[in-house]
Trainee: 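Handing you this structure, nothing more for now.
Numbers restart at 1 for each chain; the letters A, B, ... are given by sequence-line order, proteins then strands.
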Amino acid sequence: MINKLEKDQLIGNRYRVVSYLDEGGMQYVYIAHDSILNRQVALKTPKIRSAEKRFQRSAIVAAKINHPNIAKTLDYIEENDIPYLIEELISGEDLDKCISQKVKFLDPALLSTLFHKITKGLAASHHAGVIHRDLKPTNIMVNGGFQLTEVKITDFGVAKMAESEINEAVIDDGNTLSASATALGAVPYMAPEAITQESKVSLKSDIWSIGAMMYEFLTGEKPFGKGLAAIRNILDCDYKEFPKFTTLNIQFRHLSQDLIKIIKSCLQLDPCKRPTADELVIKFSNLCYSTKNRETGVIHSHRVNTCGFIMPSNNVNKVFFHKDSVYGKLQLPSLGKKVLYAKYDGAGADRAHPVLLLN
Amino acid sequence: MVKTIKDRSEIDRLHDEKIALLKITSKNVVQIYDIINFNNESFGIVMEHIDGHDLTNPKDFIKSSHDLLMTLWQISSGISDIHDLDLIHRDIKPNNIMKNSEGIIKILDFGLTREFGENAMTFGFKGTLGFAAPEQYKKMESLVNFTSAIDVYSFGVTSLYFIAQTIPKITKENLTYQLPDNSFDVEYLMEYPSIIALLERCFNEEPKLRPKITEIRDEIKKYLLYDKHNALLTFNGQTHLLDNKNKKAVLSIPNIGSCKIKYDGLNYIITKPIGEIYLNNTHVTSRMIIPGSCVIGIGALSRPYAQRQFITFDISNPEIIL
């Protein structure tokens, strides 16, 4: 293990540690102050020695890419045999904390907005020939919450570590489970070839991960399940049928069907059959979806059996909604339920569409 | 590429460049990697090496309307990204813009960049004769407060250079350039009168009357995305897709209201509204461009709810493919 850094510790005679921020699977993340350019940066250092090589590679590959949807790699330093990766500091949270923990699933418009951005970033990295290798919600940073003001992919290329831990876990038949908790976090999104043949990992392995994440955000379920049990399903490309609610409601059916087609094209055993990131960007740009700002409120009252009003968080001017605008099961959400919605000017009251249930 | 500087007077200039560039992640602006301190007197900037050529020979890369629009769109996108960060480039011209081997255009040479507001005040003339806006010369001796409109002027001159291979001649006596009539009436722009109008307005002597660079970018983008939009209407339990093959739809509730929706390749338009037709909360009484995703209502608020219909309308967000 590598010891944690102390506050005010100076790295590379340039970056002063300000505070501990977070930890990912294999690394600690700190906020540091760049004394030359007088700005805050993210400073990452591996938790364990065996991850060091990945770190260096991650720095080299990620530094090639400049795109608004990719966290910018700024510097790489080795000091006393410990590597440090300096990255753009993104104010915000990862996709898991900021979205997954707050909703069961996303409505098709929000899902399209989110993955249109992610695939644009991925396309830029694939243009530079860079495979991410570990795309998952915790490696995607979001600023602005559900407004998705900034969406940035981070932690490029660190993933090989995860693969070797996975292999170990498989061989030991679950005995190394606790040690491999990190690796297991990646399993649900790993392409089959990433599990079986490290050498076969390609740009198309990232595309599989995009499909697996989209499946989860559309349906609320991981396509292949969790943990080691997911591995068999991944290798067989055996995912659960899309739940009926995704296409039952006419208001969402068309976009949902388009998204399901994209997901199915990504989740194919033969990597050659999966689309390229560029092709995905084109598919997203042909989808019809609104990017209107989202607001929060609670279900205030019902009117007949088909509609009702939402009280916005600021408690001013109730907003009308029809149950057809609610993504999920075809029923009126119960009173007091927290919702996220986009709003259109309307006569009498403004009109909410679409409406998404919050946890 | 490493750029170094030793001249003390140049250091302030370079400092501005690094602060500006560090904020930018734009596809159309050169990327800065790092700043290296050599000693107290000098430092270097490590920036992206661009494998390509500058834009001083437009005949080499502008061979069609599409080439011209694509070039102008990329430059205006880069300038928009710069202005979005409250920065002014101050020296937009063809030899400060490069095109790389993938056809991506990058704006560089930020030596003259200043932030808006107080920091934009500066003594003396810095810019390029012919490309700089009149206000950049006029107040040469006094404290000058520039706005982003100077980049819009230079963008106009750059466009003129691509089309007519000429730039305005400026003398010490005559600092204001009178754009000759029909300067932009060339074959490549013949079909785009609204773009010509915007380019002409770049030359306005009054900075406030020049268009915003985002306006220019968005107008060009509309033409580059001609016929590439899709729209989805959900009405009466059915969905209708409107695109370049299926260009028209009729919405109607007998005796209450009806209208047509048409896609003309650029916009979705409500035509022939009769009776109680609402776009969001606006009563539509004549032809109207649909501004984006919206709800179209048939039937006024005074009617019982069951008599009214609401149609959700969503438009795709197409991308320009380089």
Trainee: Would you say that more than 12 heavy atoms from the other residues, nucleotides or ligands in this model lie under 6.0 Å from the NZ of B/Lys99, or not?
Mentor: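 Yes, NZ of B/Lys99 has more than 12 neighbouring heavy atoms, counting only those of other groups under 6.0 Å.
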
Trainee: For each of B/Asp81, B/Asp314, B/Thr282, tally heavy-atom pairs with chain A at distances under 4.5 Å, and name the one with the top tally.
Mentor: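 Sorted descending by pairs with chain A, the first entry is B/Asp314.
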
Trainee: Among B/Cys294, B/Gly297, B/Ala231, B/Ala300, which residue has the highest count of heavy-atom pairs closer than 4.5 Å to chain A?
Mentor: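 Result: the option with the highest number of such pairs is B/Cys294.
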
Trainee: Of the backbone (N, CA, C, O) and the side chain (C-beta and beyond), which part of A/Arg303 lies under 4.5 Å from a heavy atom of chain B, both, or neither?
Mentor: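 When you check distances to chain B, only side chain atoms of A/Arg303 fall under 4.5 Å.
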
Trainee: Less than 4.5 Å to any heavy atom of chain A: does that hold for the side chain of B/Ser26, its backbone, both, or neither?
Mentor: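 Only the backbone of B/Ser26 comes within 4.5 Å of chain A.
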
Trainee: In Å, rounded to the nearest 0.5 Å, how long is the span from OH of A/Tyr344 to OG of B/Ser293?
Mentor: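 Those atoms lie 4.5 Å apart.
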
Trainee: Count the heavy atoms of every other residue, nucleotide or ligand shown that sit under 6.0 Å from CG of B/Asn244, and state whether that count exceeds 12.
Mentor: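 Enclosed.
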
Trainee: Please name the residue in the list B/Asn281, B/Thr312, B/Val295, B/Asn280 that meets the side-chain contact (heavy atoms from CB on, under 4.5 Å) test with A/Arg351.
Mentor: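 One option only clears the test, and that one is B/Val295.
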
Trainee: Using the test side-chain contact (heavy atoms from CB on, under 4.5 Å), find all partners of A/Ser265 that sit at least two apart in sequence or belong to another chain.
Mentor: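 Partners of A/Ser265 under the side-chain contact (heavy atoms from CB on, under 4.5 Å) test: A/Gln268, A/Pro275, A/Lys283.
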
Trainee: Return yes when atom NZ of A/Lys323 has more than 12 non-hydrogen atoms of other residues, nucleotides or ligands closer than 6.0 Å, and no otherwise.
Mentor: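 Counting other residues, nucleotides and ligands, NZ of A/Lys323 exceeds 12 neighbours.
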
Trainee: Contact part of B/Leu241 toward chain A, heavy-atom cut-off under 4.5 Å: side chain, backbone, both or neither?
Mentor: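 It is the side chain, since no backbone atom gets that close.
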
Trainee: With a 4.5 angstrom heavy-atom cut-off, which part of A/Ile282 approaches chain B: side chain, backbone, both or neither?
Mentor: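 When you check distances to chain B, only side chain atoms of A/Ile282 fall under 4.5 Å.
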
Trainee: Find the distance between NE2 (A/His116) and CG (B/Asn317) and round it off to the nearest 0.5 Å.
Mentor: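 Reported to 0.5 Å precision, the distance equals 7.0 Å.
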
Trainee: When rounded to the nearest 0.5 angstrom, what distance separates NE2 in A/His254 from CD in B/Gln238?
Mentor: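 Separation between the atoms: 12.0 Å.
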
Trainee: Non-hydrogen atoms of chain B under 4.5 Å away: do they reach the side chain of A/Phe252, the backbone, both or neither?
Mentor: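 Answer is neither: A/Phe252 stays 4.5 Å or more from chain B.
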
Trainee: Pick one of side chain, backbone, both or neither for B/Ile315, based on which atoms fall under 4.5 Å of a heavy atom in chain A.
Mentor: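 Contact with chain A is through the backbone of B/Ile315 alone.
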
Trainee: Could you tell me whether B/Arg303 atom CZ has more than 12 heavy atoms of other residues or ligands within 6.0 Å of it?
Mentor: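 Buried by this count: over 12 neighbours within 6.0 Å.
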
Trainee: Can you tell me how far the CG atom of B/Leu232 sits from the OG atom of A/Ser290, to the nearest 0.5 Å?
Mentor: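 Reported value, rounded in 0.5 Å steps: 12.0 Å.
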
Trainee: Please flag which part of A/Asp324 lies under 4.5 Å from any non-hydrogen atom of chain B: side chain, backbone, both or neither.
Mentor: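 No part of A/Asp324 comes within 4.5 Å of chain B.
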
Trainee: Taking it one step at a time, do B/Phe310 and A/His322 satisfy side chain to side chain contact (heavy atoms under 4.5 Å, CB included)?
Mentor: CA-CA 10 Å; B/Phe310 296 94; A/His322 189 279; over 6 Å; no

Trainee: When heavy-atom pairs shorter than 4.5 Å are enumerated against chain B, which of A/Cys307, A/Gly346, A/Cys288 gives the highest number?
Mentor: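 Highest number of heavy-atom pairs under 4.5 Å: A/Cys288.
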
Trainee: Within a reach of under 6.0 Å around NZ of A/Lys329, are more than 12 heavy atoms found that belong to other residues, nucleotides or ligands?
Mentor: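 For A/Lys329, atom NZ is not crowded (no more than 12 foreign heavy atoms under 6.0 Å).
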
Trainee: In terms of heavy-atom proximity below 4.5 Å to chain B, should A/Ile65 be classed as side chain, backbone, both, or neither?
Mentor: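 A/Ile65 touches chain B through backbone heavy atoms alone.
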
